[in-house]
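What you see is a predicted model; the values in this text were computed from it and never measured.
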Amino acid sequence: MMRISTLARVGLLLLTTACIETLEPSKDKSAYVSAIAHTAGAGTFQLRVTGAFYRADEFTSSLDKPETCAAYPYSPQTSVGSFPTISAGDRLYTNVGGRVDTLFKNSLAGLLTYQLVSVPGIPFVVGDSLMLTVPGDVDGFPPVQAKVRVAEPFTYDPIGTAGDGETLPLTWVPAATPGALMIFSLRFNTSGVSEEADTQIYCVLLDDGSHSIEPAFAAAWGVAPAASRSVYASRARRTRVEVDGRTRLILYSFFDLPTPASPAP
């Protein structure tokens, strides 16, 4: 197993998978491209897009099981297996609101990924869609196009604590356009003495505006040191394209809170 940076975790769905097991080489091909919103100043936002293409079976994603909450270990770093990445062409192309940008091929920690290089991000406005064009590689991933609606900004109500035996409510403003999912990660320490989170309650929910976390999880969150408690939330949208019976591409869009800062120039 190895550690990878935030850039690589985009293509590997590290926002949406609680655990990924190492896979044996496969005849199947699976592609994952994700666009994550970040702040660009003056109340504007951009998309940071990264993709990776694998000769591997499809990875299991927590987004496949909405309306579930579960407890998992938490670490700021995420370990993933060493998967055989393949080429999908020299470059990929995105189109957002008529603006075309290029994702360049890059080798990072032994993984072949596609990333923005010449710009820190792609500007977007609410209601935009992201179109991805994959030229393909005769010895790697075939040509394909995919389109996803860009995940919209959102707000959620402060998350407090619940009384003994009570559920913990989550409430937020749902998107006006259906089809989104919400992810909440409530991070906290279980030792009772440390301010460093070691556990998370990870919820994948339909974007309908509310959910109640069951009492057992609510109790663990409530007794944790207040200084160790933090919340990460994300709205997610995705599109899946079946290229053929053994080849698929999944295109994700995420809007995270807290929103990542724009990368340094």
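The cluster map of Ile, Leu, Val, Met, Phe, Trp and Tyr, joined by side-chain heavy atoms under 4.5 Å apart, puts Y252 and M131 in different clusters. Linking Ile, Leu, Val, Met, Phe, Trp and Tyr residues whenever their side-chain heavy atoms come within less than 4.5 Å places V119 and V96 in a single cluster. Cluster annotation: V241 and V33 are assigned to the same hydrophobic cluster (Ile/Leu/Val/Met/Phe/Trp/Tyr, side-chain heavy-atom contacts under 4.5 Å, transitive).
A175 and E152 get closest at one heavy-atom pair: CB-OE1, 3.9 Å. Shown here for L170 and I159, the closest heavy-atom pair between the two residues is CD2-CD1, 3.4 Å. The nearest pair of heavy atoms linking G89 to D137 is N-CB, 3.7 Å. In this structure, Q200 and P73 approach most closely via the heavy-atom pair NE2-O, 3.7 Å. Of all non-hydrogen atoms in T239 and K147, the two that sit nearest each other are OG1-O, 2.6 Å. Contact record, P66 with L181: CB-CD2, 3.9 Å, taken as the closest heavy-atom pair.
A distance of 6.0 Å separates CG in L47 from CD1 in I122, rounded to the nearest 0.5 Å. The OH atom of Y72 lies 11.0 Å from the OG atom of S185; values are rounded to the nearest 0.5 Å.
Counting only distance, with no hydrogens or angles, the side chain of K29 and the backbone of G140 share a donor-acceptor pair below 3.5 Å. Remark: side-chain polar atoms of T68 are paired, donor with acceptor, to backbone N or O of K65 under 3.5 angstrom. Between the D57 side chain and the D28 main chain, no donor and acceptor come within less than 3.5 Å of each other. Between the D256 side chain and the T259 main chain, no donor and acceptor come within less than 3.5 Å of each other. Between the D128 side chain and the V150 main chain, no donor and acceptor come within less than 3.5 Å of each other. Without hydrogens or angle criteria, S228 side chain to E195 main chain gives no donor-acceptor distance under 3.5 Å. Under the 3.5 Å distance criterion, the side-chain polar atoms of S234 are left unmatched by any main-chain donor or acceptor of A236. In this structure, S194 contributes its side chain and E196 its backbone to a donor-acceptor pair below 3.5 Å. Using modelled atom types, one side-chain atom of S30 and one backbone atom of A56 make a donor-acceptor pair closer than 3.5 Å. In this structure a side-chain-to-backbone donor-acceptor pair under 3.5 Å is missing from Y74 to L186.
The existence of a salt bridge linking R246 and D244 is excluded, since no basic side-chain nitrogen approaches an acidic carboxylate oxygen closer than 4.0 Å.
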**OP:** Determine, stepwise, if the pair R235 / D207 fulfils side chain to side chain contact (heavy atoms under 4.5 Å, CB included).
**Re:** CA-CA 8 Å; R235 173 168 283 143; D207 189 9; 2.9 Å; yes

Original post:
Y232 and L257: side chain to side chain contact (heavy atoms under 4.5 Å, CB included), yes or no, with the steps?
Top reply: CA-CA 6 Å; Y232 151 86; L257 292 179; over 6 Å; no

**OP:** Just do the side chain to side chain contact (heavy atoms under 4.5 Å, CB included) check on C203 and M182 with the steps written out, would you?
**Re:** CA-CA 8 Å; C203 300; M182 294 295 297; over 6 Å; no

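The shortest side-chain heavy-atom distance between L249 and F53 falls under the 4.5 Å cut-off. With contacts defined as side-chain heavy-atom distances shorter than 4.5 Å, the pair I183/F254 qualifies. With a 4.5 Å cut-off on side-chain heavy atoms, L130 and L251 count as touching. Inter-residue side-chain proximity for V204 and D64 is flagged as unmet; no heavy-atom pair is nearer than 4.5 Å. Using a 4.5 Å heavy-atom cutoff, the side chains of T161 and R229 are in contact. Contact of the Y114 side chain with the V134 side chain is not registered, since no non-hydrogen atoms from C-beta on lie closer than 4.5 Å. In this structure, the side chains of F188 and S230 stay at 4.5 Å or more apart for every pair of heavy atoms. Considering only heavy atoms from C-beta on, Q46 comes within 4.5 Å of P120 through its side chain.
Checked by atom type, the side-chain pair R149/T177 shows a donor-acceptor distance below 3.5 Å. Under the 3.5 Å distance criterion, with hydrogens and angles disregarded, a donor-acceptor pair is assigned to the side chains of K105 and S87. Of the N and O atoms on the side chains of Q115 and T50, not one donor lies less than 3.5 Å from an acceptor on the other residue.
When the shell of 6.0 Å around CG of D157 is examined, it contains more than 12 heavy atoms from other residues, nucleotides or ligands.
Aromatic ring orientation, F184 versus W172: tilted (interplanar angle from 30° to 60°).
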